Amino acid sequence: MPLNLLFALVGGLWFWFAASLAGYNWIQTLKSPIVVGTVLGLLAGDVETGLITGGSIEMVYLGMVAAGGNIPSDRVFAALIAVPIAIQTGVTPEVAVSIAVPLGVLGVFVNNLRRTINAVFVHWADKYAEKGDAKAVWRCATTYPLIMGFIIRFPLMFVINYFGADFVTSMLNVTPAWLLTGFNVMGGMLPALGFATTIFMIGKMKYLPLFIIGFFMVKYLQIPTMAAAIFGICLALLITFIGDEKAFEALSFNKELDAVAKEDEKHLLTQKDVNGVFYRWIWTAELSNSFERMQALAVASSFAPALRKLYTDDAEFEDALKRHLGFFNTQANWGCLIHGTVLAMEEQKAMGAEIPGEMITGIKTGLMGPLAGIGDTLDFGTIQTILFALGASFATTGNVVGVVFPVAFFVLTFFEAKFLFGMGYKLGKESIQKILSGGIINKIIDCASIVGMFMMGALSASIVKVATPLAWTFGDKTVELQATLDAIAPGLLPLSAVFFVFWGIKYKKWTITRCLIILIVASIIGAFLGVFAL
């Protein structure tokens with residue numbers, strides 16, 4: 001099979017399923033450019049190029065958290081274009097990245113289109129809920145969004161990858177040398193956007209010196225990535241927890257669990273029923289997300305089978321189903337605390353407890369915001385960023401170990417979500433109150449922020465590449481600007497690029513798209529004027 005046809009088919013199917021967001025935890029792994037590069041490289045017999053290109057793209061998108069379901073640019077869209085271009089045309093990964101990353105904005109348009117269309121399925125579900133048709137509600141949450149997603153995603157990616165390599169090759173043949181240099185400069189400079197975004201997401205300026213320490217530690221000592229990670233973790237633990245032996249008491253629920261066991265409370269739901277709600281939620285949380293009611297359809301379809309078992313009366317079941325079709329939006333992993341609690345409340349209500357439906361709705365709407373803030377900050381803003389950055393640092397050297405880190409993120413967050421759901425179901429709303437009031441979450445976020453800030457500095461030292469060929473001759477002596485800068489401190493230009501973008505995001509309120517455009521224009525103009533080189 002020709003490579004362009006192979007990439008068109010695989011890329012189209014990959015974009016369809018990955019961008020559908022079916023499976024909240026593992027979909028982040030499937031969308032990782034490192035994973036995309038590894039798989040496409042294996043299929044084409046060029047794993048090294050796939051890894052290096054995928055790792056380079058991953059660095060650009062570090063810190064771009066899809067808060068509230070909104071994404072500034074689509075990394076899997078860019079990866080599925082860049083990797084085939086690099087493998088088929090033989091261009092450097094920097095050139096492939098510079099071509100594909102701007103197209104990531106097109107992926108945002110497709111995502112917005114699917115969230116607009118998904119609102120139609122929510123209204124269909126309203127009608128099915130009136131009839132108590134749980135199976136039809138499930139189809140609205142899964143089957144219809146997947147079919148619609150295939151229609152709007154597969155043909156687009158298929159066409160781009162089928163004709164893309166030939167088009168790029170023909171364009172490169174007539175591209176002037178200075179513009180090719182500009183593409184290479186762009187590929188080395190764009191990761192500054194990812195690191196700057198991560199600093200902004202961490203948001204704790206008191207830890208900014210740790211970024212600089214990590215940067216120059218790598219520049220001066222040339223320590224490897226894993227050594228920097230180990231040092232950063234130990235440093236974070238010392239700063240955060242030294243002298244606080246009771247820090248983790250807020251996460252100890254032994255007494256509460258013993259009390260629940262002693263009560264031997266009667267349950268209408270089996271463990272299989274409870275697990276079913278969890279698995280359906282994790283599978284559908286973002287699959288049917290719409291601008292109108294966000295995750296409402298996923299909530300209703302996840303709870304429907306359990307609600308049917310709890311409420312044998314048709315009218316009560318229909319009311320419960322409609323209750324969970326109201327607006328809802330949170331971070332799905334930490335939102336499991338809410339759903340576990342709500343499921344326990346629905347069970348108690350079905351057994352005769354005086355729990356009005358408004359109370360259940362109030363728990364959901366009151367807690368979805370705070371838990372979304374914790375989840376986005378901890379899972380995506382720190383853990384994902386650190387693990388994916390570590391993976392990218394290996395991938396950009398062609399080391400297949402890099403793919404282990406995105407997979408580790410999936411495993412870690414899946415079991416995190418499972419634990420939180422079980423805790424919410426067993427302990428009810430008290431578990432949420434204890435976690436939110438105990439202070440341990442803030443300490444964990446602080447610890448992760450320290451590691452993140454230090455590691456971003458360490459990684460940017462070797463990933464962001466900006467240099468200048470400027471030189472002046474005075475008589476028989478030539479002064480090279482790059483050598484002079486390196487004599488002052490190595491890596492000043494890459495460090496300046498990261499801080500320039502960070503300054504623009506934080507103080508000038510530039511959007512990610514605007515920063516991207518500025519870096520692209522600066523790279524091309526700088527290459528044309530002979531100011532920048534890779």
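Model, not experiment: these values are computed from the prediction.
Asn333 places no side-chain N or O within 3.5 Å of a backbone atom of Gly375 that could act as its donor or acceptor partner. Between the side chain of Ser462 and the backbone N or O of Leu459 there is at least one donor-acceptor pair closer than 3.5 Å. Looking at Thr511, its side chain does come within 3.5 Å of a backbone N or O of Arg514 through a donor-acceptor pair. Within the 3.5 Å criterion, the main-chain N or O of Ala332 finds a donor-acceptor partner in the side chain of Trp281. For Lys509 (side chain) and Lys506 (main-chain N/O), a donor-acceptor pair under 3.5 Å exists by modelled atom type.
The OG1 atom of Thr484 sits 8.0 Å away from atom CH2 of Trp472, with the distance rounded to the nearest 0.5 Å. Atom-to-atom distance recorded for Leu21:CG and Gln28:CD is 7.5 Å, nearest 0.5 angstrom. Rounding to the nearest 0.5 Å places CG of Leu297 at 8.5 Å from CG of Leu287. Residue Ile34 holds its CD1 atom at 7.5 Å from OG1 of Thr38, rounded to the nearest 0.5 Å. Annotation: the span from Ser449 atom OG to Leu210 atom CG amounts to 10.5 Å, rounded to 0.5 Å. Annotation: the span from Ile518 atom CD1 to Ser523 atom OG amounts to 11.5 Å, rounded to 0.5 Å.
In this structure, the side chains of Leu495 and Phe211 come closer than 4.5 Å at one or more pairs of heavy atoms. Put simply, the side chain of Val110 does not reach to within 4.5 Å of the side chain of Asp74, judged on heavy atoms. Within the 4.5 Å cutoff, no side-chain heavy atoms of Leu80 are placed close to those of Val10. Contact check for Met205 versus Ile199: side-chain heavy atoms found under the 4.5 Å cut-off. Taking 4.5 Å as the limit, some side-chain heavy atom of Thr385 sits within range of a side-chain heavy atom of Met456. With contacts defined as side-chain heavy-atom distances shorter than 4.5 Å, the pair Leu378/Ile383 qualifies. In this structure the side chain of Ile213 never reaches within 4.5 angstrom of the side chain of Leu235, judged on heavy atoms.
Ring centroid separation for the pair Trp510 and Phe500 comes in under the 6.0 Å cut-off. Ring centroid separation for the pair Phe158 and Phe154 comes in under the 6.0 Å cut-off. Annotation: Trp334 is not in aromatic contact with Phe380 [ring centroid separation under 6.0 Å not met].
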Identify each donor-acceptor pair in which a side-chain atom of residues 474-482 lies under 3.5 Å from a protein atom, sequence neighbours left out, and give them as a table.
from	atom 1	to	atom 2	distance (Å)
Thr478	OG1	Thr473	OG1	3.4
Gln482	OE1	Thr468	N	3.0
Gln482	NE2	Asp486	OD1	3.1

Only distances under 3.5 Å count here; give the side-chain donor-acceptor pairs of residues 388-396 to other protein atoms, sequence neighbours excluded, each with its distance to 0.1 Å.
from	atom 1	to	atom 2	distance (Å)
Ser393	OG	Leu390	O	2.6
Thr396	OG1	Ala392	O	2.9
Thr396	OG1	Ser393	O	3.2

Cut-off 3.5 Å, no hydrogens considered: what does the side-chain donor-acceptor table look like for residues 524-534, sequence neighbours left out?
none

Identify every side-chain donor-acceptor pair in residues 85-101 under 3.5 Å, counting partners at least two apart or on other chains, and give the distances.
from	atom 1	to	atom 2	distance (Å)
Gln88	OE1	Asn4	N	3.4
Gln88	NE2	Pro84	O	3.2
Thr89	OG1	Ile85	O	2.5
Thr89	OG1	Val91	N	3.4
Thr92	OG1	Val95	N	3.2
Thr92	OG1	Asn184	OD1	2.7
Ser98	OG	Glu94	O	3.4
Ser98	OG	Val95	O	2.7

Would you mind writing out the side-chain donor-acceptor pairs for residues 215-223 within the sub-3.5 Å range, not counting sequence neighbours?
from	atom 1	to	atom 2	distance (Å)
Lys219	NZ	Ala461	O	3.0
Gln222	NE2	Val218	O	3.3
Gln222	NE2	Lys219	O	2.7

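Scored by the ring pair (Phe, Tyr, Trp, His ring centres under 6.0 Å) test, Phe195 finds no partners at all (sequence neighbours excluded). Every residue two or more places apart in sequence or in another chain was checked for a ring pair (Phe, Tyr, Trp, His ring centres under 6.0 Å) with Phe7, and none qualifies. Lys465 pairs by the side chain to side chain donor-acceptor pair (under 3.5 Å) definition with nothing, not counting sequence neighbours. Applying the salt bridge (Lys or Arg N to Asp or Glu O under 4.0 Å) test to Arg293 and every residue at least two apart in sequence or in another chain returns Asp126. Applying the ring pair (Phe, Tyr, Trp, His ring centres under 6.0 Å) rule to Phe415 yields no partners; only residues at least two apart in sequence or on another chain are considered.
Side-chain atoms of Asn289 and Asn118 include no donor-acceptor pair closer than 3.5 Å. Donor-acceptor pairing under 3.5 Å is lacking for the side chains of Arg115 and Asn112.
Nearest approach of Trp16 to Gly149, heavy atoms of both residues: CD1-C, 3.4 Å. Considering every non-hydrogen atom in both Gln331 and Leu371, the closest pair reads CB-O, 4.3 Å. Nearest heavy-atom pair across Ser170 and Phe167 is OG-O, 2.7 Å. Taking every heavy atom of both residues into account, Pro406 and Val35 meet most closely at CB-CG2, 3.9 Å. Across every non-hydrogen atom of Gln295 and Asn329, the tightest pair is OE1-CA, 3.4 Å. Between Leu193 and Val501, the shortest heavy-atom contact is CD1-CG1, 3.8 Å.
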Practice problem: Run the numbers on Asn25 and Thr413 for side-chain hydrogen bond (donor to acceptor under 3.5 Å, both in side chains), then give the verdict. | Solution: CA-CA 6 Å; Asn25 305 104; Thr413 55; 3.3 Å; yes
Practice problem: Would you sort out whether Ile212 and Phe499 count as a side-chain contact (heavy atoms from CB on, under 4.5 Å), showing the intermediate values? | Solution: CA-CA 10 Å; Ile212 300 173; Phe499 281 135; 4.0 Å; yes
Quiz item: Can you list the steps and then say if Val108 with Asn111 is a side-chain contact (heavy atoms from CB on, under 4.5 Å)?
Solution: CA-CA 5 Å; Val108 177; Asn111 181 62; 5.5 Å; no
Exercise. Please report the C-alpha distance between Tyr207 and Val451 in whole Å, then the side-chain angles of each, then the deciding distance to 0.1 Å, and finally whether the side-chain contact (heavy atoms from CB on, under 4.5 Å) criterion is met.
Key: CA-CA 10 Å; Tyr207 297 139; Val451 177; over 6 Å; no
Exercise. Run the numbers on Phe405 and Ser32 for side-chain contact (heavy atoms from CB on, under 4.5 Å), then give the verdict.
Key: CA-CA 10 Å; Phe405 292 91; Ser32 167; over 6 Å; no
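Between His339 and Phe328, the ring-plane angle classifies as tilted under the 30° and 60° cut-offs.
Sorted by first then second residue, the ring-ring contact (aromatic ring centres under 6.0 Å, His included) pairs that include residues 74-105, not counting sequence neighbours, are Phe15-Phe77. Applying the salt bridge (charged side-chain N to carboxylate O under 4.0 Å, His left out) definition to pairs two or more places apart or across chains, none involves residues 392-416.
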